[in-house]
Amino acid sequence: MKKLRLLFVLLWVTSNLFSSPVTGLLERIDKGASSKFIIERQKSGTDFFELDQKGDKVIIRGNDYVNIATGLNWYLKYYAGIHLSWNGMTAKLPAVLPPVTKKERHETDLPYRYDLNYCTFSYSMAFWDWERWEKEIDWMALHGINLSLALTGTESVWRNVLLKLGYTKDEINEFVAGPGFTAWWLMNNLEGWGGPNPESWYIRQEKLQKKIVKRMREYGIEPVLPGYCGMVPHNAKEKLGLNVADPGFWCSYHRPAFLQPEDERFEEISALYYKELTKLYGKTGFYAIDPFHEGGSTQGVNLDAAGKAIMKAMKKTNPDAVWVAQAWQDNPRTSMIEHLEAGDLLVLDLHSECRPQWGDPASEWCRKGGYGQHGWVYCMLLNFGGNIGLHGKMDALINGFYDAKTDNHAGKTLCGVGMTPEGIENNPVMYELVMELPWREHRFTRDEWLKGYVYARYGVEDEALQQAWDLLGNGIYNSPKEKIQQGTHESVFCARPGLDVYQVSSWSEMKEYYNPQDVIEAARLMVSVADKYQGNNNFEFDLVDVLRQALAEKGRLMQKVVTAAFRAGDKQVFELASQHFLHLILLQDHLLGTRKEFKVGTWIEAARSAGQTQEEKALYEWNARVQITTWGNRVAADQGGLRDYAHKEWNGILKDFYFMRWKAYFDYLACVLDGKQPEELDFYTLEEAWTKETGFYSSIPEGNTVVVAKNIFEEVF
């Protein structure tokens with residue numbers, strides 16, 4: 001009997017060991033790595049992770065798999081000097097791990113660590129396959145994410161719903177957006193743009209979503225599935241006889257209609273939606289619901305009744321479910337949520353580092369009383385449009401979190417920390433910082449944190465690298481609290497040309513807040529030690545990114561020289577300055593070509609790979625090209641303000657698109673200086689031509705990063 005008991009225990013331990021998702025994570029990081037760690041899951045009423053030592057093995061303890069993975073990430077960064085990031089999710093671990101000489105424990109009383117924005121699914125994830133998603137879910141676990149938006153495959157849900165309501169497949173494809181624009185369809189901003197989608201797209205995304213939510217649930221990451229927000233096609237009144245409100249237009253696109261809560265079919269259609277959603281992806285404890293996103297008209301809508309009807313429909317599917325809402329501009333409307341029960345709504349304070357709404361009186365978006373009785377999450381948005389550029393608000397992020405935590409009202413309803421960027425795979429330093437906040441009990445400073453980050457990022461302690469990051473941390477990564485802008489200080493290279501060009505996208509709100517010379521000096525410091533760290537993946541990524549920013553700073557200065565020369569009528573200086581400006585674009589293009597992360601070919605290759613036929617590949621490539629340039633049709637691009645919103649400093653597009661625009665403009669100005677009256681440039685026509693091309697762009701890095709960076713720095717600076 002004792003032998004049987006012992007055998008049972010051994011089988012249970014073995015099964016538990018190999019079924020742990022952390023074991024699989026370790027093996028994906030470095031084959032054989034799981035044998036170097038002891039993973040211990042312990043019951044606890046408090047979220048925690050603990051680092052310990054037993055012989056030559058490191059012990060990672062935690063109360064669930066996500067917290068264990070968080071502990072693993074902490075160990076890798078601060079003991080082993082290994083930083084797993086979007087530019088590299090694998091590493092070679094040492095044969096004998098650095099020991100944990102003193103037990104280290106971290107706890108948090110915040111239950112939620114949230115990830116993703118609707119926009120991320122289009123600006124970054126539009127064409128991801130399972131291989132890329134698997135890495136991202138590993139990244140989520142390592143960074144403590146236990147609650148994540150999961151929108152992939154929603155197209156199939158809506159297709160099934162609308163088929164049952166009597167819509168044809170062609171009519172459905174006029175409603176469902178294409179792959180590059182799914183996010184704005186799901187936020188009720190537009191219909192159909194980027195489509196029609198082939199049948200294979202629905203099948204592909206459905207299969208992918210099932211894998212995504214399965215892996216999330218294995219880790220213990222709760223997927224936030226898209227709930228029913230009252231959206232119906234714009235012609236639902238004519239087609240189905242529904243009582244609908246018209247939310248109006250978004251950037252010139254007509255929004256879908258809103259089904260009035262008083263309509264007798266609201267309950268039927270919402271129930272049908274949840275039935276189809278559950279059939280495909282199961283039930284969840286959290287549903288993302290964002291009616292009237294970004295300025296949708298609520299005229300004629302009883303918002304209190306709408307909020308209650310939406311909540312009732314969700315609760316009918318899962319009585320324990322929580323409605324997750326993005327706080328952005330006026331949403332969620334106070335009159336829609338004020339009478340909902342505490343605990344039923346979780347609000348994402350979407351832009352906490354810049355425009356918090358939780359009750360900070362210094363914020364221009366401050367809501368008096370915050371979110372009332374409802375729980376909320378302190379989120380960092382940081383990135384808009386997936387734009388490339390160094391940017392952060394380190395002090396504002398850190399101090400804002402601890403101020404919120406200790407606030408007499410908001411601190412009592414604060415439930416977590418989150419990341420809500422429109423685009424990812426940029427500025428890894430900021431995402432490390434925000435996701436460490438819940439695990440650091442006491443307020444800390446940017447300078448002390450950056451010392452640890454440099455070792456974690458590069459695995460070395462180097463004075464030149466520390467000086468570089470001190471310059472960046474004090475400057476471009478530390479936009480003051482009072483400065484308001486949407487993401488990075490945009491590169492003039494990517495701007496639609498003009499004499500007095502400043503920002504690139506329509507809503508940037510850029511303001512001067514750092515010294516460009518500090519960026520150039522940081523680049524010099526990194527170049528000075530580049531030979532020493534050649535082959536260090538994180539260093540080479542950052543070397544390219546920082547030097548890219550330095551070139552953009554130089555370009556902004558040179559563009560002003562071009563304008564001054566033109567206004568002075570000095571043809572010789574104008575020609576020299578304009579040629580130098582164009583040369584800087586080509587140098588930046590060359591530099592970025594050494595890393596796959598900065599190549600337009602990586603984006604386009606992913607898009608084409610999602611298609612099965614040449615026709616499908618062409619459709620997805622068109623989606624990919626349009627999104628990062630014109631964004632929409634002529635009206636949406638120019639009158640709607642969407643052009644260049646998702647601009648990218650990427651190899652390939654710099655040379656063939658941005659260079660082309662500036663060259664055409666400089667040629668136009670040269671004609672003016674010669675006393676001619678050239679025809680005004682139609683920029684949209686120039687831009688649209690590139691979106692329709694199918695020329696090949698490689699995703700393979702070209703050239704030695706360190707050699708190219710050193711040569712370019714020497715030439716320019």
Side-chain angles (χ1 to χ4, degrees), residues 20-22 25-26 37-54 57-80 83-84 98-115 139-148 219-222 285-286 322 343 346 348-349 352 358 375-380 397-408 410-419 431-446 448-449 451-453 456:
S20 163
V22 180
L25 167 62
L26 280 163
F37 292 87
I38 297 172
I39 304 302
E40 294 184 359
R41 188 177 180 188
Q42 294 183 347
K43 285 186 178 181
S44 172
T46 302
D47 279 357
F48 83 95
F49 68 81
E50 198 169 79
L51 309 180
D52 207 348
Q53 191 76 23
K54 185 176 183 180
K57 293 190 177 185
V58 171
I59 302 173
I60 314 283
R61 297 190 187 96
N63 61 305
D64 60 33
Y65 291 130
V66 166
N67 293 338
I68 291 170
T70 309
L72 169 63
N73 195 34
W74 197 281
Y75 170 81
L76 291 174
K77 288 193 294 186
Y78 296 120
Y79 287 80
H83 181 209
L84 300 171
V100 178
T101 55
K102 183 182 178 183
K103 185 190 294 183
E104 182 176 353
R105 182 182 174 95
H106 292 265
E107 298 179 352
T108 180
D109 58 357
L110 299 175
Y112 304 126
R113 275 83 67 194
Y114 177 87
D115 194 19
W139 189 97
M140 289 180 187
L142 287 164
H143 290 81
I145 302 299
N146 60 11
L147 188 64
S148 178
Y219 269 124
I221 301 171
E222 185 78 2
F286 297 84
V322 174
L346 182 67
L348 305 174
D349 195 75
S352 298
W358 56 261
W376 66 282
V377 178
Y378 182 93
C379 298
M380 180 183 76
L397 177 73
I398 296 168
N399 293 324
F401 170 71
Y402 290 100
D403 289 347
K405 199 174 181 184
T406 55
D407 185 84
N408 286 334
K412 293 174 184 174
T413 50
L414 176 62
C415 293
V417 165
M419 301 183 299
Y431 298 97
E432 293 302 316
L433 177 57
V434 71
M435 293 319 297
E436 285 191 13
L437 291 176
W439 302 104
R440 292 183 178 269
E441 183 180 358
H442 303 292
R443 194 184 297 249
F444 56 94
T445 67
R446 159 182 39 86
E448 61 185 297
W449 185 83
K451 284 179 182 145
Y453 178 77

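- Smallest separation of non-hydrogen atoms from Lys102 and Tyr79: O-OH, 4.3 Å.
- Summarising the geometry of Leu346 relative to Cys415, their closest heavy-atom pair is CD1-CB, 4.0 Å, with the distance given to 0.1 Å.
- Taken from CG in Asp47 to CG in Asn146, the straight-line distance is 7.0 Å, to the nearest 0.5 Å.
- For the atom pair Phe49 CZ and Asn67 CG, the distance stands at 8.5 Å (nearest 0.5 Å).
- Minimum interatomic distance between Ala410 and Asp407 (heavy atoms only, all atoms of both residues): N-OD2, 2.8 Å.
- Screening Phe401, Trp358, Tyr112, Tyr114 for a ring pair (Phe, Tyr, Trp, His ring centres under 6.0 Å) with Tyr378, the sole residue that qualifies is Phe401.
- A distance of 11.0 Å separates CD1 of Ile68 from OH of Tyr219, quoted to the nearest 0.5 Å.
- Nearest heavy atoms, Ala456 versus Tyr78: CB-CE2, 4.2 Å.
- At least one side-chain heavy atom of Leu414 sits less than 4.5 Å from a side-chain heavy atom of Trp376.
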Check: Should Leu51 and Ile60 be marked as a side chain to side chain contact (heavy atoms under 4.5 Å, CB included) after you check the CA-CA gap, both sets of side-chain angles, and the distance that decides it?
Finding: CA-CA 5 Å; Leu51 309 180; Ile60 314 283; 3.5 Å; yes
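- For the side-chain hydrogen bond (donor to acceptor under 3.5 Å, both in side chains) with His143, the lone residue among Arg113, Glu436, Glu432 that qualifies is Glu432.
- Atom-to-atom distance recorded for Ser44:OG and Glu107:CD is 6.5 Å, nearest 0.5 angstrom.
- Two residues are said to be in side-chain contact when any heavy atoms from C-beta on lie closer than 4.5 Å; Tyr65 and Ile221 fail this criterion.
- More than 12 heavy-atom neighbours from other residues, nucleotides or ligands sit within 6.0 angstrom of CD on Glu448.
- Scanning both residues, Ala80 and Pro98, for their nearest heavy atoms gives CA-CG, 4.1 Å.
- Atom CG of Leu433 is separated from atom CG of Leu397 by 5.0 Å, given to the nearest 0.5 angstrom.
- In this structure a side-chain-to-backbone donor-acceptor pair under 3.5 Å is missing from Gln53 to Thr101.
- Looking at every heavy atom in both residues, Asp403 comes nearest to Arg443 through OD1-NH2, 3.0 Å.
- Phe48 does not carry Arg61 over the face of its six-membered ring by the limits of under 6.0 Å from the centre and within 45° of the normal.
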Margin query: As a quick check of understanding, evaluate side chain to side chain contact (heavy atoms under 4.5 Å, CB included) for Val417 and Met435, giving each step before the final call.
Written below: CA-CA 7 Å; Val417 165; Met435 293 319 297; 4.3 Å; yes
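- With respect to Lys54 and Glu40, no salt bridge is recorded, no charged nitrogen being found less than 4.0 Å from a carboxylate O.
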Margin query: Go through it in stages, so that I can follow the logic: the residues are Val66 and Ile145, the test is side chain to side chain contact (heavy atoms under 4.5 Å, CB included), and I'd like the CA-CA distance, side-chain angles, deciding distance and then a yes or no.
Written below: CA-CA 7 Å; Val66 166; Ile145 302 299; 5.7 Å; no
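- Put simply, CG on Asn399 and CZ on Phe444 are 9.0 Å apart, with the number rounded to the nearest 0.5 Å.
- Between Trp74 and His106, the ring planes lie tilted relative to each other; the angle falls in the 30° to 60° range.
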Next item on the list: Go through the steps for Leu142 and Leu25 under the test side chain to side chain contact (heavy atoms under 4.5 Å, CB included), then give the verdict.
Entry: CA-CA 9 Å; Leu142 287 164; Leu25 167 62; 3.8 Å; yes
